[in-house]
Amino acid sequence: MTLELYNTLTNQKEEFEATEDGLVRIYSCGQTIYDDMHVGNAKTYAAWDILNRYLEWKGYDVFHVMNITDVGHLTDDADRGEDKVEKAAKERSLEPMELVTEQVRKWYREMDELNMKRHNVNPRATGHMMEMIEAVESIMENGYAYEENGSVYFDVEKFNKDHGYPKLGGRTLEALETGAGGRVSEKELDEKRSPYDFALWIKADPEHIMKWHSPWSLGYPGWHLECSVMGLKYLGERFDIHSGGVDHIFPHHPNERAQNIAIEDLDHEPVNYWLHSEHITVEGEKMSKSKGNFYTVSELLEKYEPEVIRTFFASIHYRSQSDFSLEALEESEKKLKKFRTTLRNIEEAKDGDKNDLSEDIDRVKREFEKAMDDDLNTPSSISKLLGFCTRINKKLDNKRSILDRAKETLIELLNVLGIKMEKPTKGEKVRDIDPYIRLLLEVRENLRDKKEYELADKIRDELKGLGIQVEDSEEGFRWYSAD
Ligand code: AMP
Ligand code: ZN
């Protein structure tokens, strides 16, 4: 069966073909790290996590890059306003990099808790300043940028003549100029030759904190540049999938596409499939930090298990808008309960003599793959899995080997959706935590291996005092935060 994905570049579902046999290279736009991750952000990251997991399930290797924006994303899309990171740092009387360090730590912790697969690289904009300056130089050499008063702008009209702009979403520059969706309202042009031109490098005001030396001025990069530079650096001139939220369909991604072509003077598309995830709304409005109508991941994790949140995300198609509510989470809790009850029923079932569940196992695998191949139709795959549970619960008198196979299948397919059901194996998750706790867990495990139980138990009690509960089982140990 072949995976089809909806490509915003061509505005249609297309059969997915990897550029390199067996390897899929993905770039996902990540967090602007000035504040906490909210449910909308997490829903988008969960979509790309499922994409990553599903591709692996189908046998591909995946190399996944998700950037972290720590400079250059301004409060106004049209290259005006304050840097979001710098503004938030000033409000909290922190050094911008102090804020970034704190927020990055928190982001990783929450991404881990939400069972998002770790990406291969999480590059940060501030770590790629040299590459960004070089990229601006290349764009200028190739004739697609001009300097004005220490800032450098991308020449959109020239690019449009040669390569077509914005192209993503099937639109043209002319259509944007006459229709809605652009940013051509009669704004002051300042140094730009055309309102569509966008900043590659911005000369910093004297009071600006985050600034770097460049051939043009003491300044900082335009937001779109980092994704081009880091995508090219880690994934190359032509990679498979670029993903982001629908808010990136214009202007972030067309600008990025244009930059890639202009930096490398490409005569081919830089990315084969552009994927966009719809927004989570609250009472019909986009959940966003600027609107203040958001739920942070950390506040939800205080009340709900990560698996409930992941079930909620998987119940929404990535291209459907969905309203967030606590009732919707409670619905997901019910689904999760059904999965868990079914697994428990299997464990508790006696060895029967029937084998009619075998067909259901084959059927659910087929149904799951068919749904996921259809542009990652996760709500359909969830309902197929719920149907599978209903059938299992009616057929608990099957042979033990078949029941076990049903259990493994359910766990495996839920895992593709990022919903973790398996028992943790020895040492699992230990690498995700505080190094001090990890060391204690590892020492305790070594002591147990040597049958020095008294000391091992003492460490277990100490860990409990630190809020870490440890349980031992045949598969190894599992730990969790006691609060
Ligand atoms: P930001 O930190 O604003 O740059 O956003 C990080 C990622 O979250 C981007 O891919 C956005 O498109 C996505 N995003 C932001 N708000 C929402 C929302 N309400 N629903 C879904 N995705 C969102
Ligand atoms: Zn981006």
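All of these numbers come straight from a predicted model, not from anything done at the bench. Counting convention: from 1, in listed order, for ligands and their atoms alike. Count residues from 1 along the sequence.
- In this structure, the protein non-hydrogen atom closest to atom 7 (C) of ligand 1 is Tyr45 OH, 3.5 Å.
- With respect to atom 20 (N) of ligand 1, the closest heavy atom belonging to the protein is Ile280 N, 2.8 Å.
- Considering only non-hydrogen protein atoms, atom 17 (C) of ligand 1 sits nearest to His279 CD2, 3.5 Å.
- The distance from ligand 1 to the heavy atoms of His248 drops below 4.0 Å at these ligand atoms: 9 (C), 10 (O), 12 (O).
- Side-chain contact check for Asp36 and Gln103: at least one donor-acceptor pair (N or O, by modelled atom type) lies under 3.5 Å.
- Look at His224 and the Zn ion (ligand 2): no N/O/S atom of the residue is under 2.8 Å from the metal.
- Given atom 21 (C) of ligand 1, the protein heavy atom at minimum distance is Gly40 O, 3.0 Å.
- For the atom pair Thr69 OG1 and Glu226 CD, the distance stands at 3.5 Å (nearest 0.5 Å).
- Trp48 and Tyr45 have their aromatic ring centers separated by at least 6.0 angstrom.
- Checking Thr75 against Lys87 by side-chain atom types alone, no donor-acceptor pair falls below 3.5 Å.
- Residue-level proximity to ligand 1 for Asn41 is carried by backbone and side chain together, each with a heavy atom below 4.0 angstrom.
- Taking any N or O of Asp247, backbone or side chain, at least one lies under 3.5 Å from an N or O belonging to ligand 1.
- Protein heavy atom at the shortest distance from atom 2 (O) of ligand 1 is Thr32 N, 2.9 Å.
- Every atom of ligand 1 is numbered from 1 in the order shown, and the set under 4.0 Å from a heavy atom of Glu278 is 21 (C).
- The Zn ion (ligand 2) has His252 among its coordinating residues (N/O/S atom, backbone or side chain, under 2.8 Å).
- Among the atoms of Cys29, an N, O or S atom is found under 2.8 Å from the Zn ion (ligand 2).
- In the model, Trp57 has a side-chain atom that pairs as donor or acceptor with a side-chain atom of Glu412 under 3.5 Å.
- The side chain of His38, and not its backbone, has at least one atom closer than 4.0 Å to an atom of ligand 1 (non-hydrogen atoms only; side chain from C-beta on).
- Atoms of ligand 1 lying under 4.0 Å from at least one heavy atom of Cys29, given by number and element, are 10 (O).
- Considering backbone and side-chain atoms alike, Thr44 places an N or O below 3.5 Å from some N or O of ligand 1.
- When each atom of ligand 1 is checked for a heavy atom of Met287 under 4.0 Å away, the hits are 16 (N), 18 (C), 19 (N).
- With values rounded to the nearest 0.5 angstrom, Leu55 atom CG is found 7.5 Å from Leu5 atom CG.
- Residues that satisfy the salt bridge (charged side-chain N to carboxylate O under 4.0 Å, His left out) test with Glu137, not counting sequence neighbours, are absent from this structure.
- No option in Phe313, Phe294, Tyr295 other than Tyr295 meets the ring pair (Phe, Tyr, Trp, His ring centres under 6.0 Å) test with Phe324.
- Within ligand 1, the atoms closer than 4.0 Å to a non-hydrogen atom of Gly245 are 10 (O), 12 (O), numbered from 1 in the order shown.
- A side-chain N or O of His208 and one of Glu86 form a donor-acceptor pair less than 3.5 Å apart.
- Note: Tyr234 and His128 meet the aromatic proximity criterion, with ring centroids under 6.0 Å apart.
- Within the 4.0 Å heavy-atom cutoff, Ser243 does not count among the residues contacting ligand 1.
- Not a single heavy atom of Phe294 sits less than 4.0 Å from an atom of ligand 1.
- Residue His224 is tested with Arg257, Gln259, His248, His252 for a side-chain hydrogen bond (donor to acceptor under 3.5 Å, both in side chains); the sole match is His252.
- Seen from the ring of Phe368, Lys384 does not count as a face-on cation partner, given the 6.0 Å and 45° thresholds.
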